[in-house]
Amino acid sequence: MTWQEKLIRRHPTLFVRSFRGVAFAPGYPRCAPGWHHVVTRLVERVADAANDGTVYFTHMVCENGVLRTHWNSRSEIPQRQALKIDEAIGLAEARSASACVDCGAEGRLFATDFVLGPLCKLHQRGTPVPIAAGRDVFLRRGVVRERPVLVRSRYDWDTDAFLDVRPR
């Protein structure tokens with residue numbers, strides 16, 4: 001049994017849907033083994049935020065070297081709950097952008113055989129993608145005085161958290 005199948009069995013309400021009576025998982029994690037810890041942490045965070053069973057993943061795949069995750073809900077959920085889910089996904093996407101696809105260690109983006117993916121020093125191969133200034137800043141949804149806002153943040157690998165960036 002793969003790590004993806006084990007994860008889905010641990011959290012069936014987040015993954016398993018039914019089509020004409022047949023169970024399937026549209027959000028099956030289609031990503032490299034090095035991102036096992038990134039995806040597992042994401043699923044645990046979303047499970048904590050969405051404990052009512054209405055939220056489920058519809059898409060989870062490596063796209064251009066970053067984990068892309070989409071979700072849906074069977075009913076309307078409170079804004080704070082949706083923001084917690086979006087934050088969990090944002091953290092997973094930010095971590096995946098610098099987590100080696102082979103082993104999960106911290107790395108940087110490489111192009112190998114026309115495919116982008118982050119690799120660590122041990123597994124690096126292909127051509128390193130030049131780092132552009134300011135590309136490590138993420139825009140994420142937040143709430144200030146009960147109003148939705150966009151917050152500029154940087155991802156901190158050591159704490160697995162976003163750090164707010166003050167406007168200049």
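Just so you know, residue 1 is the first one in the sequence shown, and it goes up from there.
Taking CD1 of I89 as the reference point, atom OG of S96 lies at 11.5 Å (rounded to 0.5 Å). Rounding to the nearest 0.5 Å places CE of M60 at 10.5 Å from NE2 of H70.
Criterion: ILVMFWY side-chain heavy atoms under 4.5 Å apart, direct or through other members. Under it, L7 and L14 are part of a common hydrophobic cluster. Tracing side-chain contacts under 4.5 Å through hydrophobic residues (I, L, V, M, F, W, Y), one reaches Y28 starting from F15; they form part of the same cluster. Put simply, V66 and V101 are part of two different groups of oily side chains (I, L, V, M, F, W, Y) that touch within less than 4.5 Å, one to the next. Note on V43: it does not cluster hydrophobically with L83, by side-chain heavy-atom contacts below 4.5 Å among ILVMFWY residues. Both L67 and F110 are part of a single hydrophobic cluster, where members link through side-chain heavy atoms under 4.5 Å apart.
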**Message:** Using side-chain contact (heavy atoms from CB on, under 4.5 Å), reason through V151 and F162 one step at a time and then give a plain yes or no.
**Reply:** CA-CA 10 Å; V151 179; F162 284 123; over 6 Å; no
**Prompt:** Could you go step by step and tell me if T40 and E44 meet the side-chain contact (heavy atoms from CB on, under 4.5 Å) rule?
**Reply:** CA-CA 6 Å; T40 301; E44 289 169 356; 3.5 Å; yes
**Request:** Could you go through the salt bridge (charged side-chain N to carboxylate O under 4.0 Å, His left out) check for R125 and D113 one step at a time?
**Result:** CA-CA 10 Å; R125 58 189 175 274; D113 297 326; over 6 Å; no
**Message:** The test is side-chain contact (heavy atoms from CB on, under 4.5 Å); show your working for W3 and I8 and say whether it passes.
**Reply:** CA-CA 9 Å; W3 66 266; I8 290 169; over 6 Å; no
**Message:** Evaluate E93 against V38 for side-chain contact (heavy atoms from CB on, under 4.5 Å), listing each step before the verdict.
**Reply:** CA-CA 8 Å; E93 288 179 354; V38 175; over 6 Å; no
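Using a 4.5 Å cut-off on side-chain heavy atoms (C-beta onward), C62 and W35 make contact. Considering only heavy atoms from C-beta on, I85 comes within 4.5 Å of W71 through its side chain. Using a 4.5 Å heavy-atom cutoff, the side chains of F19 and R17 are not in contact. Side-chain contact check for C100 versus E106: every heavy-atom pair is 4.5 Å or farther apart. Taking the side chain as every heavy atom from C-beta outward, N64 and V115 never approach each other to under 4.5 Å. Between F57 and T69 there is a side-chain heavy-atom pair separated by less than 4.5 Å. Between S153 and L163 there is no side-chain heavy-atom pair separated by less than 4.5 Å. You'll find the side chain of C120 reaches within 4.5 Å of the side chain of C103, heavy atoms only.
A salt bridge is defined here as a Lys NZ or Arg NE, NH1 or NH2 lying under 4.0 Å from an Asp or Glu carboxylate O, and D160 with R45 meets this definition.
In plain terms, the two heavy atoms of P118 and L109 that are nearest each other are N-CD1, 3.8 Å. Across every non-hydrogen atom of R9 and P12, the tightest pair is O-CD, 3.4 Å. Taking each heavy atom of V129 and A111 in turn, the nearest pair found is CG2-N, 4.0 Å. Considering every non-hydrogen atom in both K84 and A49, the closest pair reads CB-CB, 3.8 Å.
Between the Q124 side chain and the L119 main chain, no donor and acceptor come within less than 3.5 Å of each other. Judged by distance alone, with hydrogens and angles left aside, the side-chain atoms of T2 form a donor-acceptor pair with the main-chain N or O of E5 at under 3.5 Å.
A side-chain N or O of Y155 and one of R95 form a donor-acceptor pair less than 3.5 Å apart.
Apart from V61 itself, the hydrophobic cluster it occupies contains nothing, where clustering links Ile, Leu, Val, Met, Phe, Trp and Tyr at side-chain heavy-atom distances under 4.5 Å.
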